[in-house]
> 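After the structure tokens below, expect a handful of questions from me.
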Amino acid sequence: MAPWGRADDDGPLARGLAKVAAVLGIDADTAVDVQLGEARPELLELLHRAVRERRRVSFDYYSYGRDSQTRREVEPHRVHADGGHWYLDARCLLAGDDRRFRLDRIEDAAVTDEVFDPPSE
């Protein structure tokens with residue numbers, strides 16, 4: 001599996017890294033290292049599947065700022081890496097608003113049977 005959590009050796013990131021390595025005259029497999037932060041591969045796959053299928057996800061979330069853990073149910077919109085961490089952008093039903101969740105603070109995630117309509121852009 002690729003280090004960024006997706007088994008897509010021919011995807012855009014892999015192709016881009018190969019092009020940069022070619023321009024630099026180096027072997028991309030040994031000289032280019034991309035670190036996108038910690039995220040469990042099974043959680044990444046679960047969230048990517050939920051986004052594709054537009055299905056709600058339920059999980060325990062640790063809030064660092066409040067030093068508390070709550071059970072959340074969300075409508076996931078996007079999984080992405082930013083600033084060295086993986087995030088989930090989703091509509092949180094508990095908060096009644098859009099939220100960004102750090103994946104390393106998510107535990108016990110499960111895709112539910114509930115389907116939702118995607119948000120309007």
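Model, not experiment: these values are computed from the prediction.
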> Is any side-chain heavy atom of Val111 closer than 4.5 Å to a side-chain heavy atom of Arg49?
yes

> CG/Asp98 to NE2/His77 distance, rounded to the nearest 0.5 angstrom?
5.5 Å

> Write down the atom of Leu103, the atom of Leu43, and the distance for their closest heavy-atom approach.
O-CD2, 3.6 Å

> State, to 0.1 Å, how close Cys92 and Val74 come at their nearest heavy-atom pair, and which atoms those are.
CA-CG1, 4.0 Å

> Over all heavy atoms of both residues, which pair between Phe116 and Pro76 is shortest? Give the atoms and the distance, please.
CZ-O, 3.2 Å

> Please walk me through it: do Leu46 and Phe59 pass side-chain contact (heavy atoms from CB on, under 4.5 Å)?
CA-CA 11 Å; Leu46 179 143; Phe59 55 78; over 6 Å; no

> Starting from Leu94, walk the hydrophobic network (Ile, Leu, Val, Met, Phe, Trp, Tyr; side-chain heavy atoms closer than 4.5 Å) and list everyone else you reach, by chain and number.
none

> Could I get the full list of ring-ring contact (aromatic ring centres under 6.0 Å, His included) partners for His80, not counting sequence neighbours?
Tyr87

> Please name all residues satisfying side chain to side chain donor-acceptor pair (under 3.5 Å) with Thr70, sequence neighbours left out, ordered by chain then number.
Arg72

> Asp108: which residues meet the side-chain contact (heavy atoms from CB on, under 4.5 Å) condition with it, sequence neighbours left out?
Asp60, Arg71

> Answer yes if Leu44 and Ile106 sit in the same cluster of Ile, Leu, Val, Met, Phe, Trp and Tyr residues linked by side chain heavy atoms under 4.5 Å apart, and no otherwise.
yes

> For Arg100, what residues pass the side chain to side chain donor-acceptor pair (under 3.5 Å) criterion, not counting sequence neighbours?
Asp89

> Passes side-chain contact (heavy atoms from CB on, under 4.5 Å), Glu53 versus Val115? Steps please.
CA-CA 8 Å; Glu53 296 175 2; Val115 179; over 6 Å; no

> Arg105: what forms a side-chain contact (heavy atoms from CB on, under 4.5 Å) with it, not counting sequence neighbours?
Tyr61, Tyr62, Tyr64, Arg102

> Evaluate side-chain contact (heavy atoms from CB on, under 4.5 Å) for Asp97 paired with Arg91, printing each intermediate quantity in order.
CA-CA 6 Å; Asp97 202 1; Arg91 173 116 182 125; 3.8 Å; yes

> I'd like to know if Arg54 pairs up with Asp117 as an ion pair, taking the criterion as any Lys NZ or Arg NE/NH1/NH2 lying under 4.0 Å from an Asp or Glu carboxylate oxygen.
no

> Where do Trp86 and Asp104 land on the side-chain contact (heavy atoms from CB on, under 4.5 Å) test, with the steps shown first?
CA-CA 8 Å; Trp86 282 97; Asp104 60 341; over 6 Å; no

